[in-house]
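Here is the structure we will look at.
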Amino acid sequence: MTTQKDFKRVVRARMAKTGESYTSARANLVLEPSIKPSSRQAVKPDFAKLAGMTDAAVKKATGCTWERWVWTLDKVDAHTWPHRAIVEYAHEKYRTPDWWAQMVVVGYERIKGLRVVGQNRGGTFRAAKSKVVAVPLARLYRAFHDPRSRARWLPGVKFTIRTAMRDKSMRVTWPDGTSVAIGFIGKGAGKSQVALEHSKLADQADVQRRKAFWTERLAALGEVLTQSARRKTA
């Protein structure tokens, strides 16, 4: 009986790692004759690797390792809930800060096979990039919000601004219907940061294309703003 229980734990561990159903995970393990029972008992999923964040980072921010979070959320079958409901539970029940509640839930969903890195629960993907520029926050914001300023580093792209909070954030619809959320952060006197997330992407290949695109365009943004700042101080 003990051996059977141990094997069931190994099956569940494989399910968490691969996202397979119980039946599939059990069948695949049975079909692996090279794995001895003692080896099966030692199998343990690497939660940090699956989540995409180290145990040290999540424990420092929330007080719990990934193993503890998985155990806690599994107790209430959180993997069957919508994403927002799990976030609210982690935030309210365990007083996890808003941003970290999101990070914990995204990591948990990756561990449970509900999404992969870069993927949303709905099945679409997202690409994130950021850049620090040596200009004041207001000037960085204007480079995105003002069409003429934007054309200097992002030529030929006419996106639609859905919402905007001056010097803080912006949400835009890209010409192809995808979405970009943009945040602006002051980093002290004469320095600021833009962080953006391009979402509703089709697949990982699309993610890589968008990351390459934004790497190039944000580099151009930095050059344009730096040159402008030099001219004003000359």
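Heads up: numbering here begins at 1 and tracks the sequence.
From D74, atom CG reaches atom OG1 of T80 across 10.0 Å, with rounding to the nearest 0.5 Å. Interatomic distance, I182 CD1 to Y141 OH, rounded to the nearest 0.5 Å: 9.5 Å. Remark: E67 CD to I111 CD1 distance equals 10.0 Å, nearest 0.5 Å. Taking CZ from R171 and CZ from R162, the interatomic distance works out to 7.0 Å, rounded to the nearest 0.5 Å. Here the straight-line distance linking atom CD1 of I185 with atom NZ of K191 works out to 13.5 Å at 0.5 Å rounding. Here E88 contributes atom CD and T96 contributes atom OG1; the two are 13.0 Å apart, rounded to the nearest 0.5 Å.
Between V172 and F144, the closest side-chain pair of non-hydrogen atoms is not below 4.5 Å. For the pair Y108/L114, no side-chain contact is recorded, criterion being any heavy-atom separation below 4.5 Å from C-beta on. Taking the side chain as every heavy atom from C-beta outward, K129 and L218 approach each other to under 4.5 Å. Considering only heavy atoms from C-beta on, T65 stays 4.5 Å or farther from F47 through its side chain. Within the 4.5 Å cutoff, the side chain of E197 has no heavy atoms near those of the S130 side chain. Contact check for M170 versus I161: side-chain heavy atoms found under the 4.5 Å cut-off. Counting heavy atoms from C-beta on, the side chains of L73 and Y89 come closer than 4.5 Å. Contact check for V106 versus H83: side-chain heavy atoms found under the 4.5 Å cut-off.
Between A90 and V105, the closest heavy-atom pair is CB-CG2, 4.5 Å. Considering all non-hydrogen atoms of both residues, S149 and R142 come closest at CB-O, 3.7 Å. Scanning both residues, T178 and K200, for their nearest heavy atoms gives CG2-O, 3.5 Å. The two residues V133 and G222 make their nearest non-hydrogen contact at CG1-CA, 4.3 Å. Nearest approach of P155 to R217, heavy atoms of both residues: CD-NH1, 3.9 Å. The minimum heavy-atom distance between A143 and L221, with the atom names listed, is CB-CD1, 3.7 Å.
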CA sep, side-chain torsions, deciding dist, call: I86, E109, side-chain contact (heavy atoms from CB on, under 4.5 Å): CA-CA 10 Å; I86 315 177; E109 289 169 340; 3.9 Å; yes
Residue pair H198, W214: steps toward the side-chain hydrogen bond (donor to acceptor under 3.5 Å, both in side chains) verdict: CA-CA 9 Å; H198 201 142; W214 282 114; 3.0 Å; yes
Stepwise side-chain contact (heavy atoms from CB on, under 4.5 Å) test for V104 and Y94: CA-CA 12 Å; V104 164; Y94 298 102; over 6 Å; no
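No more than 12 heavy atoms of other residues, nucleotides or ligands lie within 6.0 Å of CZ in R68, so this atom counts as exposed by the packing criterion.
Proximity of a side-chain donor or acceptor of D98 to a complementary backbone N or O of H91 within less than 3.5 Å is not detected. Side-chain atoms of W153 do not come within 3.5 Å of backbone N or O of L225 as any donor-acceptor pair. When atom types are taken as modelled, the side chain of S192 and the backbone of V135 share a donor-acceptor pair closer than 3.5 angstrom.
Within the cation-pi definition used here (under 6.0 Å to the ring centroid, within 45° of the axis), R210 does not qualify as a partner of F125.
When the side chains of ILVMFWY residues are joined at heavy-atom separations under 4.5 Å, either directly or via intervening members, L196 and V157 end up in a single hydrophobic cluster. Transitive grouping of hydrophobic side chains (ILVMFWY, heavy atoms separated by less than 4.5 Å) keeps W66 and W71 in distinct clusters. Put simply, V224 and L154 are part of the same group of oily side chains (I, L, V, M, F, W, Y) that touch within less than 4.5 Å, one to the next. If you chain together hydrophobic residues whose side chains sit under 4.5 Å apart, F159 and V180 fall into the same group.
Every residue two or more places apart in sequence or in another chain that forms a side chain to side chain donor-acceptor pair (under 3.5 Å) with T62 is listed here: W69.
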